[in-house]
Amino acid sequence: MGITKREVADQLGVAKQTVVNYIDKLGLAPEHVTRVGKTDLLDDFAVSALADALGKNVVPRATTSVQEDELPEVQDSVIAALNGRIADLKQQNDRLVAELAEMRSSRERELAEMRDQLAAANDRAARLADRVAGIAERQQAFAALPWWKRGLFATKLLGSGSE
């Protein structure tokens with residue numbers, strides 16, 4: 001059983017165009033709105049979602065179209081639709097919590113990997129600094145030698161060059 005956009009608009013006390021706009025905003029059209037001829041019929045889920053979205057600012061008008069004996073049926077269908085929406089929201093919440101936990105663990109792994117890379121880079125930098133310091137010491141020792149010994153020292157370091 002479906003309810004037309006006009007009936008929903010009348011029950012909520014808003015214009016039909018407002019209902020149409022909210023159907024588009026909430027993304028209800030493909031799944032919860034059925035086209036029958038020139039009339040769109042909304043299922044109970046769509047009606048409850050619209051009532052929730054519009055009902056916060058709009059006081060619904062009392063309608064006389066519902067008979068007294070149909071009232072419990074209507075209330076049961078609204079309750080069932082709301083329970084369905086609650087179940088959907090719980091599933092969505094559980095999915096988002098799982099995604100968030102996965103993202104956090106992924107970020108923690110990335111952070112640990114980056115810390116390891118930083119430690120390795122710091123070790124390499126320390127080794128290079130030690131080598132540069134050793135080279136600087138040898139360069140100072142070489143510069144402290146008299147000029148006539150520099151040639152002999154360089155020959156010892158580099159070799160005679162005749163080979």
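On a predicted model such as this, the values are computed, not experimentally measured, just so you know.
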**Request:** Could you tell me which non-hydrogen atom of Ala53 sits nearest to which non-hydrogen atom of Leu26, and how far apart they are?
**Result:** CB-CD1, 4.0 Å

**Request:** Could you tell me the separation between the CG atom of Asn83 and the CZ atom of Arg85, rounded to the nearest 0.5 Å?
**Result:** 13.0 Å

**Prompt:** Do Ile135 and Arg138 have side chains that get closer than 4.5 Å, going by heavy atoms?
**Reply:** yes

**Complete:** Which of Val19, Thr18, Ile23 passes side chain to side chain contact (heavy atoms under 4.5 Å, CB included) with Val8? Answer is Val19

**Complete:** Note: Leu42 and Lys5 closest approach over all heavy atoms is CD1-CG, 3.7 Å

**Message:** Quick check for you: to the nearest 0.5 Å, what is the distance between Leu111 atom CG and Ser106 atom OG?
**Reply:** 11.0 Å

**Request:** Starting at CG of Asn21, measure out to CG of Leu50 and round the result to the nearest 0.5 Å.
**Result:** 11.0 Å

**Request:** Check whether any side-chain heavy atom of Glu7 lies under 4.5 Å from a side-chain heavy atom of Asp10, and answer yes or no.
**Result:** no

**Request:** State which residue, out of Arg95, Arg109, Arg107, fulfils the salt bridge (Lys or Arg N to Asp or Glu O under 4.0 Å) condition with Glu102.
**Result:** Arg109

**Asked** Going from CZ on Phe45 to CG on Leu82, what distance comes out if it is rounded to the nearest 0.5 angstrom?
**Response** 10.0 Å

**Asked** How long is the span from the CG atom in Leu28 to the CG atom in Asp43, to the nearest 0.5 Å?
**Response** 8.0 Å

**Shortest non-hydrogen contact between His32 and Ala46, atoms and distance** = CB-CB, 3.7 Å

**Request:** Sequence neighbours left out, what passes side-chain contact (heavy atoms from CB on, under 4.5 Å) with Gln117? Give chain and number order.
**Result:** Glu113

**Request:** For the residue pair Leu41 and Val33, establish whether any side-chain heavy-atom pair is separated by less than 4.5 Å.
**Result:** no

**Message:** Rounded at 0.5 Å granularity, tell me how far CG in Leu96 sits from CE in Met103.
**Reply:** 10.5 Å

